[in-house]
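The block underneath contains the structure these notes are about, expressed in C-alpha cells.
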Amino acid sequence: MEQKKYSKSTEAVWAGEDSPYFKGAATTPIVNSVAFAYTDLDEWYDVSVGKSEGFIYSRNTNPTVAALEEKIRVLENAEAATAFATGMAAISNTLFTFLKPGKRVVSVKDTYGGTSKLFLDFFPAYHVEIKLCETGNHDELELEIDKGCDLVYLETPTNPTLKIIDIKRIAAAAKKVGAVVVVDNTFATPINQNPLELGADLVLHSATKYLCGHSDAMGGLLAGKKDLVQQVFHFREINGASLQADPAYMIARGMKTLELRISRQNESALKIARYLKSHSKVSDVFYPGLETHTGHEIAKSQMRGFGGMLSFALDGGYDLVEKFLPALKLVHLAASLGSVSTLAGPPRTTSHVELTTEQRALLGIPESLVRYSVGIENVDDLLSDLEQGLDRL
Ligand SMILES: *Cc1c(COP(=O)(O)O)cnc(C)c1O
C-alpha cells in the first residue's frame with residue numbers, strides 16, 4: 001500500500017492485510033501467542049534491539065495488532081501508528097508521554113468525559129497546567145496558545161452538541177509556539193476527516209466506536225509523526241496498556257466496512273437532522289451538516305461528511321425525555337456510539353451524569369437533550385420510529 005494512493009474504501013479493505021507474515025491468508029489471522037520463538041540467537045538479538053523486524057512479546061507488538069496499526073496508519077495518511085487496549089488508554093498514554101511537571105496544555109471544555117477527568121482530576125497533581133477554553137471560541141484558543149504551551153489537545157466534532165473546531169487555524173497557532181497538536185478523531189473517523197492533513201501532529205481514536213462499529217470490542221489507536229508515535233509506543237509497551245490480538249482482529253474486520261457504514265450514517269444523520277429541525281416538538285437540533293449549525297462552514301471545509309452523531313432538545317423538560325426515549329423501538333438506550341445499530345441516551349444520564357443541571361446548562365446542554373448515534377438501519381424506518389416517539393409527547 002506504499003506506492004499508490006487508493007480511495008478510502010479500498011484502503012479500509014486492503015491496508016495491513018498484505019503482511020508477509022501471513023502470506024496467502026485471505027484474512028489476517030488471530031495470533032494469540034504471547035511470545036515468539038527463534039532458533040537463531042543472533043536473529044533474536046537483532047529483533048530485540050530493533051535492528052530487524054519481527055515479534056518478541058505481545059505486550060510490545062503482535063502480528064494481528066500490527067496489521068490493525070497498518071490499517072489506521074494508511075487511512076490517516078500517517079508515518080506511524082500504534083494500538084492500545086481502549087480509547088482512554090490511547091489518550092492517557094499520549095498525554096502522560098508528553099506532559100511532565102511544568103508543562104502547559106491548552107484544550108477545550110467539551111472533550112470526552114474521560115479526557116476532561118484526566119485534565120481536571122489527575123494532571124494537577126503532576127503540576128501540569130491545564131487551560132480549558134470555550135469549545136467554539138477560536139480567539140480564546142489562539143490567545144491561550146500564544147501565551148506559550150507544550151501541547152494542544154482538540155476534539156471535533158464534540159460530544160454531545162457537535163461543536164466544530166477549525167483544526168487548520170488552531171494547528172497553525174500551535175506551530176508558532178512549538179506545541180504538539182493532538183486531535184481525537186473518534187466522532188469523524190478517517191473517512192470524514194484527516195486531522196494530520198490539517199496540521200495536527202497526532203490523531204487518536206476510540207476504536208471501540210465507529211472503527212470497530214459493532215459494539216463488540218474495545219481498543220484505541222494513535223497515528224501521526226513517527227518520532228512522536230514511537231515515544232508513546234515506548235511508554236505503552238512499558239506500562240502495558242496493550243491491545244490483544246482478539247479485539248485487534250474484530251476492529252480490523254469492522255474497519256473493512258468502515259467506508260460503507262460511514263457513507264450510510266452520514267446520509268441518514270443529515271436526513272434525520274432535517275426532519276427533527278422541522279418538527280414542532282423539537283426545540284433545537286445540533287448537527288454540523290445543518291446550514292444553521294454554528295460550525296457548519298468550518299465543518300464543510302475540513303470534513304468530507306458530517307458524521308452519524310447528532311443531538312436534539314425536546315421542547316420542554318426532562319419529563320419529555322422520559323416519555324420519548326423508552327417509546328423508541330429501533331434504538332439501544334446505551335452509553336456508547338458508532339455502532340451498526342442506533343444508540344441513544346440523555347447526556348444527563350450518560351456522558352455528563354456527574355455534572356449538576358447548572359453545570360450542564362453552562363456547557364449548553366439542556367436537560368431535554370437526546371444524543372442519537374445513527375446506525376445503518378433503513379433511514380425511513382428510523383424516521384418513522386422517531387415520529388411515533390414524538391407523537392406521544
Ligand atoms: C468513547 C470515547 C473515548 C474513550 O474510548 P474508550 O474506548 O471507551 O476508552 C474517547 N474519545 C471519544 C470521543 C469517545 O467517544
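Read the numbers this way: they start at 1 and go in the same order the structure lists the ligands and their atoms.
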Check: F306 ring centre within less than 6.0 Å of F187 ring centre: no
Whether F119 and Y153 hold their rings parallel, tilted or perpendicular, with breakpoints at 30° and 60°: perpendicular
H293 side chain vs L162 backbone, donor-acceptor pair below 3.5 Å: yes
I72 side chain reached by L221 side chain, heavy atoms, under 4.5 Å: yes
N/O pairs closer than 3.5 Å, ligand 1 and protein:
residue	atom	partner	partner atom	Å
ligand 1	5 (O)	S206	OG	2.9
ligand 1	7 (O)	G87	N	2.9
ligand 1	7 (O)	S206	OG	2.9
ligand 1	7 (O)	T208	OG1	2.6
ligand 1	9 (O)	G87	N	3.1
ligand 1	9 (O)	M88	N	2.8
ligand 1	11 (N)	D184	OD2	2.7
ligand 1	15 (O)	K209	NZ	2.8

Side-chain (S9) to main-chain (E259) donor-acceptor, under 3.5 angstrom: no
Heavy-atom donor-acceptor pair, R104 side chain to G148 backbone, under 3.5 Å: yes
